[in-house]
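So the structure is just underneath, and the comments pick up after that.
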Amino acid sequence: MSLSTLPEPATAPLRLDAPVLDVVVPVYNEEIDLEPCVRRLHDYLSARFPYRFRITIADNASTDATAAVATDLVEALPEVTAVHLAQKGRGRALKHVWTHSDAAVLAYMDVDLSTDLAALLPLVAPLISGHSDLAIGSRLSRGSRVVRGAKREFISRGYNLLLRGTLAARFSDAQCGFKAIRGDVAARLLPMVEDTGWFFDTEMLVLAERAGLRIHEVPVDWVDDPDSRVDIVSTAIADLKGIVRLARGLGSGRIPLAALREQLGRYPLPVAGVPAGLTGQLVRFAGVGLASTLAYLAIFALLRVGLGAQWANLLALLLTAVANTAANRRLTFRVRGNDRAWRHQAQGLVVFGIGLALTSGSLALLHSTTTAPAAWLELAVLVTANAVATGVRFLLMRIWVFRAA
């Protein structure tokens with residue numbers, strides 16, 4: 001491993017005496033578990049971790065003797081520091097410590113040490129090498145060994161399925177209290193994370209994934225803490241509110257992920273002869289095009305009997321063209337917000353006119369050569385003409401309609 005591959009933070013160059021790893025242990029009223037946790041962690045890092053490290057106790061508004069225990073640990077162990085926050089919130093504690101840390105890699109783990117510490121080095125190694133941007137311990141990956149009750153297992157799997165369905169998340173475990181992030185990435189990503197509680201992890205991971213950052217997952221051995229004080233009901237409600245808020249922010253374009261992607265250079269790898277992003281755009285465009293074609297054929301078939309082929313074609317194309325432009329704007333070319341939406345629709349109608357000319361011309365040619373063509377022949381001609389029009393539509397949308405988006 002070498003620190004030479006780590007990009008320097010935007011704020012200041014990496015100090016030679018700064019720790020490579022800063023492990024944060026966020027706590028609230030943990031006067032009993034805090035000392036054995038920190039001592040065990042300290043012993044492990046001293047024996048197994050080959051670089052400078054720091055353990056930071058983040059006490060967020062404890063009302064018991066947690067602060068006194070933290071002070072004793074700071075005095076006893078030179079690599080341990082403590083921070084006291086006046087307000088509760090795990091996310092608030094992590095954000096505060098991580099944004100003020102000078103370490104190259106930032107991590108955190110729960111005070112109960114449910115995760116086996118043997119996973120710590122595999123967690124942070126890809127970040128130290130510069131290969132990945134974030135790393136998470138996963139209890140749901142193949143190779144993980146987990147001991148916990150059926151209730152928590154159901155809740156955990158259900159929550160991660162919900163994230164996949166609502167926010168298109170691809171990481172496997174949002175809630176495991178065992179995560180790490182590169183310091184330079186945290187400096188740019190964390191200002192966008194709004195949550196100060198348990199949803200902090202999820203929001204950070206979703207934004208990172210949407211910005212094109214690489215998330216490394218490590219299977220862990222994890223044993224449930226029977227004395228966990230997490231209020232499942234209130235946490236679930238807060239998580240649902242967080243999902244809704246985050247979905248709105250992503251849908252409206254309010255979150256500047258493009259700027260983050262530009263700062264960190266997380267664009268697709270260039271391929272000779274293939275414009276950047278072309279492959280993904282083609283796949284998404286094909287999906288939208290398939291849905292539009294099916295809708296077009298259904299509308300055409302419904303209107304064909306009463307209006308005739310030409311009028312049915314005109315109305316079917318017009319209706320699907322508006323929906324097609326809106327879908328491609330949002331899904332294929334990733335344009336968010338209402339800026340230039342009317343202009344894009346107007347340009348989309350011009351593209352629609354070209355498609356109309358191709359399909360109407362094909363129909364006119366068919367009827368000029370065949371007096372009463374069969375319905376299947378009409379549909380076959382329209383499908384072929386639509387295929388040509390689709391190719392033209394993609395090119396015009398890419399180089400004209402959404403070129404400046």
Side-chain angles (χ1 to χ4, degrees), residues 1-27 34-60 69-85 90-111 113 115-137 177-191 200-201 204 208 213 216 218 264:
M1 300 179 193
S2 172
L3 293 180
S4 61
T5 55
L6 273 173
E8 292 184 349
T11 54
L14 191 65
R15 288 184 13 230
L16 295 178
D17 61 340
V20 174
L21 175 65
D22 191 348
V23 183
V24 182
V25 182
V27 291
L34 180 57
E35 182 173 359
C37 161
V38 172
R39 288 190 177 276
R40 179 182 164 196
L41 176 59
H42 184 272
D43 290 344
Y44 177 85
L45 290 172
S46 299
R48 304 288 183 88
F49 192 69
Y51 300 114
R52 294 171 59 90
F53 68 88
R54 178 194 298 136
I55 299 172
T56 301
I57 302 168
D59 176 14
N60 46 322
V69 175
T71 300
D72 292 340
L73 288 168
V74 171
E75 294 176 354
L77 303 173
E79 293 86 1
V80 176
T81 63
V83 175
H84 179 81
L85 285 80
R90 184 180 68 168
R92 177 180 285 107
L94 290 175
K95 189 172 185 178
H96 175 83
V97 176
W98 281 357
T99 53
H100 289 84
S101 178
D102 57 353
V105 175
L106 312 166
Y108 94 88
M109 59 182 58
D110 291 336
V111 70
L113 292 184
T115 303
D116 189 344
L117 290 177
L120 182 57
L121 194 54
L123 183 81
V124 302
L127 308 188
I128 295 175
S129 70
H131 174 271
S132 299
D133 303 297
L134 296 91
I136 64 174
F178 194 68
K179 295 182 176 69
I181 184 172
R182 286 213 326 247
D184 62 314
V185 174
R188 296 174 174 89
L189 179 62
L190 295 187
F200 173 87
D201 300 48
M204 178 182 68
L213 303 184
H216 176 70
V218 178
L264 296 172

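Nothing fancy with the numbering, it's 1 onward along the sequence. The figures that follow rest on heavy atoms only: side chains count, while hydrogens, waters and symmetry mates do not.
- Leu45 has its side chain within reach of Leu21: a pair of non-hydrogen atoms, C-beta onward, lies under 4.5 Å apart.
- With values rounded to the nearest 0.5 angstrom, Thr81 atom OG1 is found 7.5 Å from Ile57 atom CD1.
- The minimum heavy-atom distance linking Ala180 with Leu123 is given by the pair CB-CD2, 3.9 Å.
- Counting only residues at least two apart or on different chains, no salt bridge (Lys or Arg N to Asp or Glu O under 4.0 Å) pair has a member in residues 72-85.
- Contact of the Trp98 side chain with the Leu189 side chain is not registered, since no non-hydrogen atoms from C-beta on lie closer than 4.5 Å.
- Of all non-hydrogen atoms in Val20 and Ala103, the two that sit nearest each other are O-CB, 4.0 Å.
- Between the CG atom of Leu77 and the CD1 atom of Ile55 there is a distance of 7.0 Å, given to the nearest 0.5 Å.
- At distances below 3.5 Å, not a single donor-acceptor pair connects side-chain atoms of Ser101 with backbone N or O atoms of Val97.
- Summarising the geometry of Arg54 relative to Thr56, their closest heavy-atom pair is CD-OG1, 3.4 Å, with the distance given to 0.1 Å.
- Residues Val218 and Phe178 are not in side-chain contact: their nearest non-hydrogen atoms beyond the backbone lie 4.5 Å or more apart.
- Relative ring orientation between His100 and His96 is described as tilted, the plane-to-plane angle lying within the 30° to 60° band.
- We find the CG-CG distance between Asp22 and Asp102 to be 7.5 Å, quoted to the nearest 0.5 Å.
- Contact detail for Cys37 and Val25: the closest heavy-atom pair is SG-CG1, 4.2 Å.
- By the 4.5 Å heavy-atom criterion applied to side chains, Leu134 and Lys179 are not counted as neighbours.
- A side-chain donor-acceptor contact under 3.5 Å links Tyr44 to the backbone of Leu117.
- Here the rule is side chain to side chain contact (heavy atoms under 4.5 Å, CB included) with Pro26, and of Met109, Arg92, Arg90 only Arg90 fits it.
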Under the side chain to side chain contact (heavy atoms under 4.5 Å, CB included) criterion, do Ile181 and Met204 qualify, and how do the steps go? CA-CA 10 Å; Ile181 184 172; Met204 178 182 68; 4.2 Å; yes
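- Taking the six-membered ring for Trp and thresholds of 30 and 60 degrees, His216 and His131 have ring planes more than 60 degrees apart, a perpendicular arrangement.
- Taking the side chain as every heavy atom from C-beta outward, Phe53 and His42 approach each other to under 4.5 Å.
- Ser129 places a side-chain N or O within donor-acceptor distance of the main-chain N or O of Pro126, the cut-off being under 3.5 Å.
- Interatomic distance, CG of Asp59 versus CG of Leu85, reported as 8.0 Å (0.5 Å rounding).
- In this structure, the side chains of Leu106 and Val24 stay at 4.5 Å or more apart for every pair of heavy atoms.
- The nearest pair of heavy atoms linking Pro191 to Ala186 is CD-O, 3.9 Å.
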Start with the C-alpha gap between Phe49 and Val124, add the side-chain angles, then the distance that decides, and say whether side chain to side chain contact (heavy atoms under 4.5 Å, CB included) holds. CA-CA 10 Å; Phe49 192 69; Val124 302; 3.9 Å; yes
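- With values rounded to the nearest 0.5 angstrom, Asp110 atom CG is found 7.0 Å from Thr115 atom OG1.
- Rounding to the nearest 0.5 angstrom, the gap separating the CG atom in Asp184 from the CG atom in Asp133 is 7.5 Å.
- Scanning both residues, Leu121 and Pro50, for their nearest heavy atoms gives CD1-CD, 4.3 Å.
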